[in-house]
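Working notes for the structure below.
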Amino acid sequence: MSMKSFILSGLLVSIATASLDLSSLRDQVKAIFYHAYNGYLDHAFPYDELRPLSCDGIDTWGSYSLTLVDALDTLAVLGNQSEFQRVSEILIDRLDFNVDLNVSVFETNIRVVGGLLSAHLMAQKVGVDVDERWPCDGPLLKLAVDLARRLLPAFNTRTGMPYGTVNLKRGVDPNETPITCTAGVGTFIVEFATISRLTGDQVFEKVALRALKALHNRRSKIGLVGNHIDVQSGRWTALDSGVGAAVDSYFEYLVKGAILLDKPELMEMFKEYISPIEKHIKHGDWYMWVNMDSGSVTQAMHQSLDAFWPGLQTLYGDADSAYKTLLNYYSVWRKYGATPEFYSIPHAAPYTNREGYPLRPELIESTMYMYRVNKDPMLLEFGNSALHSINVTSRTECGFASIKDVQDHTLDNRMESFFLAETIKYLYLLFDPGNPLLSTMKGATIRRFKNGEECLLGAGGYVFNTEAHPMDVSSLHCCDTMRKEMQKSEIYKILQDYDPEDIFQVSNLTRDLNPGPFSKTSRNNNQHKEGFNISAQPMSCSRQPFHMKLSKYGQIFTDD
Ligand code: DMJ
């Protein structure tokens, strides 16, 4: 065993490093996954989430069997082909989005649309007998398109920025609040452009781009964006600017959208934020919260969600700065064995009522990106210690529980679906640096279509959506060559059934969206799940500045 030392916030931090057995670590991650996954199947399916203390299920973000959808591509990453196939069939058979339910546009997109798309794109690799037009068609893609179509009415606003909540059957409620958080506006390009490029229907990419640009055009004089915006008037309603909660994935999707679509324009937009962020938000190697107009600090706070930022910095090429920030974030984790949702930097303590750790992935995600760049064994040590903390602190009889308070390690009855989609996947990939998802060309295949066209798949690396669902960059280019063939397909006919320009013209979208042949008979969820309370959480972010109200453990505060 050797020691590594760092100067961190004036303290000498020493971390023991030893050579780790990656294969054994991967097995330990798998064991965590299957304990949680089997617990969900045994006690919670078909509900969205497992409640790991009461060992039952609950619908949270909709009525999607969300944990199963979110975990599907993790099964593929862990190499479980038979279970991937079995679950794909169950989902294809059961999922029906033609339900009268208000849902978060953001969460539905990143978790469900994203999960279905990545599973669709991985299907062949996992041994599924794919359609002859795959990846330009297929049952999981059809589900993703059907669901994404039901989100489109949210984008029908004066600014092009979407509402935060939509009814899957009826569109946007006429009384819906027009206040959406920044991430809720700017986190669509990865999934929506993937759909557009695979199917040839441009409306998805178009609305996502329009929303991104509308947001960017409303940055303040000092170049920052706020926390919440009125999507009809374009007026900022919460002026706190930072890189964490309610903003985070807007920045992430500028970078990832640029990479996925080979669109330098998006990277240029992102780059315009770097200097204002460094000047106003970055203090030392921490990122705080400031007023978007003045740049003055409003909260000297580190949020657990901020921890994705070093990973994003690594992705766009600023690994040195990223590593210093990562070390600061580790110092908080090491203190508690987890990161509290909000941590006061000057007081070196969690904020009251924000002491929890809901099994979030961000610090592990950034660690994985950083390890790809510098291969520092200390990063594996961190992964190892995170694995053990989670196993020791959060494990329950039927799953893994969120930590209610990192100071005393009391638990909360919640296991968010991102634990299986993201936290475990990034931990596994950290310990599996040769995985084809992290390489270019490794595992690339040639797809030959019936019409004689061919294209390369799995060749250009993968872009992970913000819920860790990998999108195969090369597949996006593949379907152009298939376009003529596509015109004969079922999916194409369905897309012809409606006019994409509707989204920019129709003002009253409470009409039935005519879901078309994708949908099955509408089910009555209460009948399916007798004895349970179904309560979807329609917004993914608070409508108020975070110092007044903010989501705790993923819960939602509405104005009521
Ligand atoms: C995930 O749903 C996504 O990563 C999102 O962008 C932010 N929050 C959670 C995980 O913490």
Side-chain angles (χ1 to χ4, degrees), residues 36 48-49 60-62 64 66-67 69-71 73-74 103-115 117-118 164 180-191 208 227 242-257 302-312 315 329 333 338-343 354 356-369 386 390 394 400 402-403 406 412 414-427 429 463-471 537 539-542 546 550-556:
D48 279 344
E49 290 175 21
T60 50
W61 293 110
Y64 305 116
L66 182 63
T67 298
V69 178
D70 235 1
D73 61 17
T74 310
V103 299
S104 158
V105 182
F106 168 85
E107 300 289 354
T108 301
N109 177 52
I110 66 167
R111 301 192 199 211
V112 189
V113 175
L117 282 175
S118 71
T180 308
C181 67
T182 303
V185 171
T187 312
F188 294 91
I189 193 71
V190 170
E191 300 80 5
N227 215 258
V243 297
V247 183
D248 45 12
S249 46
Y250 163 53
F251 294 133
E252 180 182 350
Y253 272 34
L254 289 176
V255 174
K256 290 183 173 176
H302 165 54
Q303 294 184 348
S304 158
L305 287 162
D306 295 348
F308 88 104
W309 183 253
L312 191 69
L315 201 56
Y329 294 172
W333 178 286
T339 306
E341 287 288 70
F342 294 1
Y343 178 79
R354 301 289 181 269
Y357 168 65
L359 302 169
R360 288 199 190 281
E362 283 75 10
L363 190 54
I364 296 166
E365 171 185 357
S366 284
T367 304
M368 185 214 69
Y369 279 109
I390 290 170
S394 289
F400 288 86
S402 297
I403 300 176
V406 297
D412 204 24
R414 183 128 197 224
M415 184 178 85
E416 281 251 24
S417 64
F418 55 66
F419 179 58
L420 294 183
E422 289 196 79
T423 312
I424 288 182
K425 192 184 286 140
Y426 284 131
L427 207 45
L429 291 174
V463 167
F464 290 81
N465 89 336
T466 191
E467 189 77 357
H469 295 305
M471 306 290 156
Q537 304 178 85
M539 283 191 73
S540 57
C541 46
S542 151
F546 58 78
L550 238 201
S551 60
K552 185 184 168 192
Y553 319 135
Q555 287 168 353
I556 300 306

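First listed ligand is number 1; within each ligand, the first listed atom is number 1. The shown structure was predicted, so the numbers you read here are calculated from the model rather than taken from an experiment.
- Side-chain atoms of S417 do not come within 3.5 Å of backbone N or O of T67 as any donor-acceptor pair.
- Take E49 and apply the salt bridge (Lys or Arg N to Asp or Glu O under 4.0 Å) test, not counting sequence neighbours, and it matches R414.
- Side-chain contact annotation: Y357 with S394, donor-acceptor N/O pair under 3.5 Å absent.
- Once rounded to the nearest 0.5 Å, the distance linking OH of Y369 with CG of L429 reads 9.0 Å.
- Within 4.0 Å of ligand 1, heavy atoms belong to protein residues I110, R111, L305, R360, P361, E362, F418, E422, T466, E467.
- Partners of Y253 by ring-ring contact (aromatic ring centres under 6.0 Å, His included), not counting sequence neighbours: none found.
- The ring-ring contact (aromatic ring centres under 6.0 Å, His included) test applied to F400 returns H35, F419, not counting sequence neighbours.
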